[in-house]
Amino acid sequence: MASKIALIVVDMQHDFCHPQGSLSVSGAMECVPLVNRLLDSRKISYKVATKDWHPQNHISFASNHDGKEPFTSFIQMSNHVGGKPDEKMQQRLWPDHCVQKTKGSELLSELHLGKVDLIIEKGSDERVEMYSAFSDSFGNMTAGRGGVNYDLTAKLKEQSIDDVYVVGIAGDYCVNYTALDAAKAGFKTYVIEDGQRCVSADSWKDVCQGFIKGGVTVVGEQEHVVQSLLE
Ligand SMILES: [Zn+2]
């Protein structure tokens, strides 16, 4: 029996993709044609688009911390959501981005959005970062508790998905953690490297090392597995 395939289009929103977006990732718009071909594919049975979906007081915004700068400043983030405040990690700070219901949070109008079956809104709990569409940075699965609107693992299992292809923005953050979590959840997971762009382009090599360890396969647009989806 043929595998059932899902596509996850990560955070292709105005703030990350448009040159005038507040956290614009270089080259992001170049991914649009390939992403649209994947959205149009009849071989992919379930198509998910994710949105970073932050309240204005989100912990990852430098503007919410006195004396901190976007990109270069870090804070200590605690696992309040998981009820383990002693568990802490370093959190990089960003410009305000993808604030709920603002222009910056909208998915690009250039995308074939009519083909999307499910929209995941993530990062809605102001206390914690959520790069992955599956769980927050501490691994808490917060569907129904304010962090994210759906349990993506459950949604993919409902559809009997075997294979997951991940594209979108940014390769070194939300694509990275979403793909690693998809593999962890037991899906055969691929990242199509031509369909992503990174905040720091030179970080991609390290990201790929992490993918090898995490059981994620990196493929190029020209490889057979991808071409067979685009026929
Ligand atoms: Zn964010």
Side-chain angles (χ1 to χ4, degrees), residues 8-29 31 35 48-65 68-82 88-108 111 118-143 145-150 152 166-182 191 196-201 203-204 207 210:
I8 305 177
V9 178
V10 176
D11 295 7
M12 293 211 52
Q13 293 160 277
H14 186 273
D15 271 343
F16 291 130
C17 299
H18 194 274
Q20 270 148 30
S22 66
L23 186 32
S24 186
V25 172
S26 174
M29 294 302 291
C31 300
V35 171
V48 179
T50 73
K51 289 161 88 169
D52 228 13
W53 190 248
H54 296 314
Q56 182 61 59
N57 62 346
H58 194 252
I59 193 166
S60 77
F61 297 174
S63 66
N64 290 324
H65 306 274
K68 300 289 188 187
E69 297 294 329
F71 298 107
T72 50
S73 294
F74 290 78
I75 53 150
Q76 286 275 330
M77 181 170 69
S78 295
N79 188 6
H80 294 295
V81 173
K88 295 177 197 295
M89 66 191 295
Q90 286 277 101
Q91 172 61 40
R92 191 178 186 184
L93 296 179
W94 303 106
D96 293 13
H97 62 276
C98 301
V99 174
Q100 294 169 3
K101 298 178 186 166
T102 62
K103 171 80 190 163
S105 70
E106 288 174 11
L107 290 165
L108 290 176
L111 294 173
L118 177 72
I119 294 180
I120 296 282
E121 295 169 346
K122 65 183 175 67
S124 314
D125 189 311
E126 71 273 12
R127 298 170 294 172
V128 70
E129 180 62 284
M130 187 168 182
Y131 293 135
S132 165
F134 292 87
S135 67
D136 71 27
S137 294
F138 290 101
N140 301 307
M141 209 6 267
T142 55
R145 289 196 281 126
V148 63
N149 58 344
Y150 291 107
L152 183 50
V166 186
V167 290
I169 304 302
D172 43 354
Y173 286 94
C174 294
V175 168
N176 182 10
Y177 293 104
T178 295
L180 289 171
D181 272 355
V191 170
Q196 63 75 38
R197 292 293 186 278
C198 291
V199 172
S200 321
S203 66
W204 184 241
V207 172

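Counting starts at 1 for both ligands and their atoms, following the listed order.
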Is the distance from the Zn ion (ligand 1) to some N, O or S atom of Asp11 under 2.8 Å? no
I'd like to know if the Zn ion (ligand 1) has an N/O/S atom from Cys174 within less than 2.8 Å of it, counting both backbone and side-chain atoms. no
Any idea how His18 and His14 line up, ring-wise: parallel (<30°), tilted (30 to 60°), or perpendicular (>60°)? parallel
How open is the angle at the Zn ion (ligand 1) from atom OD2 of Asp52 over to atom NE2 of His97, rounded to 10 degrees? 100°
Find out whether Val191 and Val175 are in side-chain contact, i.e. whether some heavy atom of one side chain is under 4.5 Å from a heavy atom of the other. yes
Assess the side chains of Asp136 and Thr142: does a donor N or O sit below 3.5 Å from an acceptor N or O? no
Are any non-hydrogen side-chain atoms of Asp52 and Lys122 less than 4.5 angstrom apart? yes
Give a yes/no answer: is there an N/O/S atom of His54 under 2.8 Å from the Zn ion (ligand 1)? yes
